2 protein chains.
Amino acid sequence: MYQPSRLQQDLADRIVRLVNEDGLQVGALLNENSLAKRLEVSRTPVRGALQYLEHQGILARRPNRGMELVALPEQTPAVATTDTDEKWLVQIARDRRKDELPQDFSEVEIMRRYGLNRPTVQRVLSRLSDLEMVERKPGYGWRFVTGFRDPAARDESYRFRLLIEPMGILEPTFQLDPQWLEEMRRRHADTLERPWQDTSSIAFFEMNAAFHEGLAAASGNRFIHSAIRHQNQLRRFSQYDWKFGFERVVVNCREHMEILDYLAKGERDVASVLLRRHLERASQVRSRDNPDPG
Amino acid sequence: MYQPSRLQQDLADRIVRLVNEDGLQVGALLNENSLAKRLEVSRTPVRGALQYLEHQGILARRPNRGMELVALPEQTPAVATTDTDEKWLVQIARDRRKDELPQDFSEVEIMRRYGLNRPTVQRVLSRLSDLEMVERKPGYGWRFVTGFRDPAARDESYRFRLLIEPMGILEPTFQLDPQWLEEMRRRHADTLERPWQDTSSIAFFEMNAAFHEGLAAASGNRFIHSAIRHQNQLRRFSQYDWKFGFERVVVNCREHMEILDYLAKGERDVASVLLRRHLERASQVRSRDNPDPG
DNA sequence: TATTGTATTTCATCATGAGAGAATACAATC
DNA sequence: GATTGTATTCTCTCATGATGAAATACAATA
């Protein structure tokens with residue numbers, strides 16, 4: 001079967017989004033050149049993406065005239081991370097937590113164990129070492145940083161976020177995108193309404209992460225934003241497996257929504273205080289089943 | 001001539017340090033096994049390092065008994081960074097600032113321009129992208145992040161540090177190593193006494209960086225420490241070339257030493273306020289010749 | 001028995017080349 | 001003249017093998 005490259009799939013998704021945003025109707029012709037320019041790539045992968053959409057019956061080729069929109073595509077749901085390495089980061093962190101990986105290890109061990117090629121392993125290890133989860137041994141080999149999974153790290157993480165997140169809201173450059181705010185409210189409301197399943201924990205985590213990262217981004221300070229992204233990435237490793245009780249989910253969403261309400265009213269000082277309280281409270285929840293929401 | 005590997009050189013340095021710390025005297029025998037264990041490597045590179053020290057006339061081989069210390073080695077001065085990639089990071093950042101590199105570029109361009117092999121370029125670009133200085137374009141190629149060198153980034157950096165550094169001193173886990181404190185005082189005093197040359201700016205920067213990083217490390221919070229290391233690394237790129245007037249150096253050192261004095265007395269609250277003031281003041285110094293001390 | 005000496009195995013890096021696919025240039029068509 | 005169609009060039013990723021060096025095992029020696 002026909003298989004588009006990763007880039008082409010990404011572009012196809014983005015083209016669908018553009019079609020929706022531009023409000024194009026059936027019968028419209030898509031222009032390769034302008035798409036290529038908007039997407040910041042050359043025409044070649046755009047052609048591939050269009051061909052892919054043609055396979056899906058969304059577009060039809062009009063020889064020498066371009067691609068015609070023959071069906072309105074539905075928005076693909078929140079884009080699953082297109083980053084295949086990410087999966088291995090999570091996997092390796094999990095296996096280490098379960099003590100299935102030794103503290104010291106070599107690249108080839110990882111290659112063999114997970115069936116990866118060397119470049120992939122090197123990329124993954126390099127990212128893990130940026131996160132200070134692993135480090136090179138002086139000679140050959142790598143080792144997991146001692147204490148990357150101890151409880152102290154958790155406390156330090158919360159204390160770090162307590163310094164940054166509430167203050168980020170008070171930055172003079174703070175500016176919140178109203179669209180983002182509405183989207184966030186909707187996602188939180190959805191979470192509260194939908195029947196809760198234990199398997200939702202990844203989605204719940206990602207919503208949480210998006211909430212905190214969005215606020216950090218709105219601060220207008222790239223370093224605040226970057227620090228919170230970093231924290232989210234670390235938390236992602238330890239939390240994907242966790243199960244949250246629904247009660248905790250409810251409390252969490254309510255607190256988030258309250259903060260969003262005050263931000264909508266422009267009362268940033270209140271929002272900042274509530275965010276601080278929210279983090280403090282989350283840092284204290286530690287029962288085995290609800291180890292770390294927030 | 002005989003050329004030890006990088007690891008062997010490192011180990012030789014560390015062995016010299018151990019000899020000094022242990023207070024070994026001429027005639028002592030060095031044990032390969034225990035050295036290997038202390039240095040966390042196998043015996044092989046330790047042998048290489050010992051051989052290297054033998055070449056320097058510090059050790060002498062006693063067949064089947066080991067290496068005997070025949071001369072007390074002098075401590076090597078503050079170890080120059082053993083990281084060869086680092087040099088290229090700085091170089092590339094500088095060339096971009098001078099507009100000698102285009103915003104968009106490919107790996108091969110870098111390989112050709114600097115005469116590097118591909119793995120090196122990939123490592124360097126990967127590190128630059130962790131620092132959010134460059135990013136991959138969607139198709140082939142890389143580009144410098146717009147605004148990585150604009151003045152806004154500088155302001156954001158100071159505001160970020162203002163959130164973190166003064167609070168770090170107040171963390172309940174804060175604990176300062178008295179040895180570090182003395183060492184810092186000495187370095188600052190030295191800087192004030194020595195005749196000032198424009199070429200000292202790298203040494204001055206590194207002393208500054210060590211000061212701020214040391215305080216962050218003392219906070220006992222790994223994320224605070226890591227964030228400040230990150231900031232130092234970014235600042236390193238833009239500041240290695242800068243010339244500081246001596247007046248600014250004097251003010252800077254005095255402010256640092258005052259902070260150290262209060263920390264020595266255990267008055268962390270005062271130190272924290274002074275540090276905040278110090279950062280605020282530094283963020284306002286912007287004349288062309290003193291663009292960014294602090 | 002502990003330590004050094006020696007040999008073997010394993011590891012990671014780099015060089016090289018092939019292949020997939022993106023960028024680019026030019027021809028064809030409306 | 002603008003846009004699509006087609007061919008060519010360039011870039012990056014991956015697989016493979018060679019090399020240098022670290023890890024490991026075992027022998028020799030005090």
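Letters go in sequence order (proteins before strands), and every chain restarts at 1. Fair warning: this is a prediction, and the values are worked out from it, not measured in the lab.
In this structure, Leu35(B) reaches neither bases nor backbone, as no heavy-atom distance under 4.0 Å exists between it and the strands shown. Residue contacts for Leu50(B): at a heavy-atom cut-off of 4.0 Å it reaches no nucleic acid atom on any strand shown. As judged by a 4.0 angstrom heavy-atom cut-off over every strand, Glu109(A) is placed among residues making no nucleic acid contact. Residue-level contact check: Asn33(B) touches the bases, meaning some heavy atom is under 4.0 Å from a base atom.
Between Arg6(B) atom CZ and dT13(C) atom C1' there is a gap of 14 Å when expressed in whole angstrom units. Separating the CD atom of Glu54(B) from the C1' atom of dT4(C) is a distance of 14 Å, rounded to the nearest angstrom. Atom C1' of nucleotide dT13(D) and atom CZ of Arg118(B) are separated by 8 Å, given to the nearest angstrom. We find that CG of Leu29(B) is positioned 11 Å from P of dT3(C), with the value rounded to whole Å. Put simply, NZ on Lys37(B) is 15 Å from C1' on dA23(D), counting in whole angstrom units.
Distances shown here put every side-chain N or O of Asn117(B) at or beyond 4.0 Å from the OP1 or OP2 atom of dT16(C). The side chain of Asn64(B) contributes no N or O atom lying less than 4.0 Å from OP1 or OP2 of dT3(C).
Closest approach of Gln9(B) to Pro4(B), counting heavy atoms only: NE2-O, 3.4 Å.
With hydrogens and angles left out, the side chain of Thr44(B) and the base of dA21(D) share no donor-acceptor pair within 3.5 Å. Taking only distance into account, the side chain of Arg61(B) never meets the base of dG5(C) through a donor-acceptor pair shorter than 3.5 Å.
The side chain of Arg112(B) approaches dT11(D) more closely than any other nucleotide in the set dT13(D), dT11(D), dA23(D).
Ring orientation note: the planes of Phe105(A) and Phe144(A) are tilted relative to one another, at an angle of 30° to 60°.
Each of Val108(B) and Arg43(B) lies near DNA chain D, and the nucleotide nearest Val108(B) is the one positioned closer to the 5' end.
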